[in-house]
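Report on the following structure.
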2 protein chains.
Amino acid sequence: MTEARKPGFSDCNNATLRRAARSLGRFYDDALGPTGLKSTQFGLLFQIHISDEPAMGAIAEALIMDLSALGHTLKPLIRDGYVETFADKDDRRVKRVRLTPQGEAKLDEALKLWSIAQRQFEDKVGVEQAAKLRAALDAVADLDLEMPAAAPSN
Amino acid sequence: MTEARKPGFSDCNNATLRRAARSLGRFYDDALGPTGLKSTQFGLLFQIHISDEPAMGAIAEALIMDLSALGHTLKPLIRDGYVETFADKDDRRVKRVRLTPQGEAKLDEALKLWSIAQRQFEDKVGVEQAAKLRAALDAVADLDLEMPAAAPSN
DNA sequence: CGGCGAAAGTGGCATATGCCACTAATAGAA
DNA sequence: TTCTATTAGTGGCATATGCCACTTTCGCCG
């Protein structure tokens, strides 16, 4: 089967990654559907939950996302009362974030469904493989990539 | 170091995948910046290029993306004259897609920059590893996941 | 041939993400 | 202390993606 690989899953690492992300995202989104949360929102709530009233910048950095994008993504969660923000007492530029009681409750609710999806996934690919994949993805995410031309000698 | 792992890169396969996608996406986007194309658009043009005047549904399926999402994503490319559509001559429901000459030219231009980014990435993680990662991601993308509750006995 | 159910897209609506220009506030240099 | 460079966010604008409700065409059955 010389060319059996469906043509075009190009060799682009980025395209392949996005494609997988769309696919897996849909699965987790479906799983979380009953909670009304998207998998991205779930991830964000979780990140906030495990952090200690993190500053927006800290969250953005942890999730490797643009600060402004984080701000946008946070809005629906604030609107729905799951998250609230408050100014840091020592540095008024800093805005800290925390879950509201409803947010904690919603997260608990979502965690139940999430764990089912997670188990479902790991039953398919294997716990070991899943862990390796996550490790590989974290490694990729933390790579210090830079375009050569962008960084001239000095 | 009991909890040394940066707290919160949760064990969620989906969250990890998205995080990596954001990170890598930014790199490829930067690389393609000079062309004015986003890495997603590049991927889409490439997919169209290697297909034979594919129907929208075929593209959506290959990229595992929602048909309507594809339609939306295609708009800026059509507006900018890189892509054009036409009705299938045998089935008027089907809309086929192809690159315009400008689209082909733009793709060529982008491929040059893409290959630099791609090489840069593979120099970091290793060609072998990159290939394995893509294979793993393709496998994940093609998994037939289903929520148990969603599929009752019948 | 008439009509029904499936298939392929479209449009609207909502969230996800990024970049850029701008504002507020702080840390430092003078 | 005052002026400046830096840091943390915000808002606007544009693309990326999905879901759902429709509309148009087909394919097929009676």
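Labels below follow one simple rule: chain letters A, B, ... track the order of the sequence lines, proteins then strands, and each chain is numbered from 1.
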Figure out the [atom1]/[atom2] separation between [X] and [N], and round it to whole Å.
| X | N | atom1 | atom2 | answer |
| --- | --- | --- | --- | --- |
| B:Leu63 | D:dG18 | CG | P | 10 Å |
| B:Phe27 | C:dC19 | CZ | C1' | 18 Å |
| A:Ile64 | C:dC19 | CD1 | P | 13 Å |
| B:Met56 | C:dG11 | CE | P | 10 Å |
| A:Glu61 | D:dT7 | CD | P | 13 Å |
| B:Leu77 | D:dA14 | CG | P | 16 Å |
| A:Ile59 | D:dG9 | CD1 | C1' | 13 Å |
| B:Arg19 | C:dG18 | CZ | P | 12 Å |

* To do: Flag the pair A:Arg134 and A:Glu122 as a salt bridge only when some basic side-chain nitrogen lies within less than 4.0 angstrom of an acidic carboxylate oxygen.
  =>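 A:Glu122 and A:Arg134: salt-bridged.
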* Would you mind checking if A:Glu53 and A:Arg98 are paired as a salt bridge, meaning a charged N to carboxylate O distance below 4.0 Å? =>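 Judged by the 4.0 Å cut-off on N to carboxylate O distance, A:Arg98 and A:Glu53 do form a salt bridge.
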* Asked: Taking the side chain of B:Arg26 as its heavy atoms from C-beta onward, which of C:dA8, D:dG18, C:dC19 lies nearest to it?
  ->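 It is C:dC19.
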* Taking A:Arg22 for the side chain and B:Leu63 for the main chain, is one N or O donor matched with an acceptor at less than 3.5 Å? ->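 Such a contact is found between A:Arg22 side chain and B:Leu63 backbone.
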* To do: For the pair A:Asp91 (side chain) and A:Arg93 (backbone), establish whether a donor and an acceptor sit closer than 3.5 Å, ignoring hydrogens and angles.
  =>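 Yes, A:Asp91 side chain to A:Arg93 backbone: donor-acceptor pair under 3.5 Å.
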Taking only N/O atoms, report every protein-nucleotides 15-17 of chain D pair under 3.5 Å with atom names and distance.
| unit_1 | atom_1 | unit_2 | atom_2 | d |
| --- | --- | --- | --- | --- |
| D:dT15 | OP1 | B:Arg79 | NH1 | 3.0 |
| D:dT15 | OP1 | B:Arg79 | NH2 | 2.8 |
| D:dA16 | OP1 | B:Thr40 | OG1 | 2.6 |
| D:dA16 | O3' | A:Arg18 | NH2 | 3.2 |
| D:dT17 | OP1 | A:Arg18 | NE | 2.9 |
| D:dT17 | OP1 | A:Arg18 | NH2 | 2.8 |
| D:dT17 | OP1 | A:Arg22 | NH1 | 3.2 |

* Nearest-nucleotide comparison on DNA chain C, the residue closer to the 5′ end among B:Asp91 and A:Leu67 ->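 The residue closer to the strand's 5' end, by nearest nucleotide, is B:Asp91.
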* Start at the 5' end of DNA chain C and walk down; is the nucleotide closest to B:Ala58 or to B:Asp29 reached first? ->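 Its nucleotide being nearer the 5' end, the pick is B:Ala58.
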* **A:Asp123 CG to A:Gln118 CD distance, which is reported to the nearest 0.5 Å** =>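 Taking CG in A:Asp123 and CD in A:Gln118, the distance rounds to 10.5 Å.
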Indicate every side-chain donor-acceptor pair of residues 124-131 of chain A with a distance under 3.5 Å to a residue at least two apart or in another chain.
| unit_1 | atom_1 | unit_2 | atom_2 | d |
| --- | --- | --- | --- | --- |
| A:Lys124 | NZ | B:Asp144 | O | 3.4 |

* To do: Ignoring backbone atoms, test whether A:Arg92 places a side-chain nitrogen or oxygen under 4.0 Å from the OP1 or OP2 oxygen of C:dA24.
  =>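 Checking C:dA24 against A:Arg92, no side-chain N or O comes under 4.0 Å of OP1 or OP2.
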* Along DNA chain D (nearest heavy atom to each residue), the more 5'-positioned of A:Ala55 and A:Asp30 ->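 Nearest-nucleotide comparison on DNA chain D picks A:Ala55.
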* **Cluster overlap B:Ile78 with B:Leu99, hydrophobic side-chain contacts below 4.5 Å** =>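 Yes, B:Ile78 and B:Leu99 fall within the same hydrophobic cluster.
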* Identify whether any heavy atom of B:Gly71 sits under 4.0 Å from a base atom; if not, whether one sits that close to sugar-phosphate; answer base, sugar-phosphate or nothing. =>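 Touches nothing.
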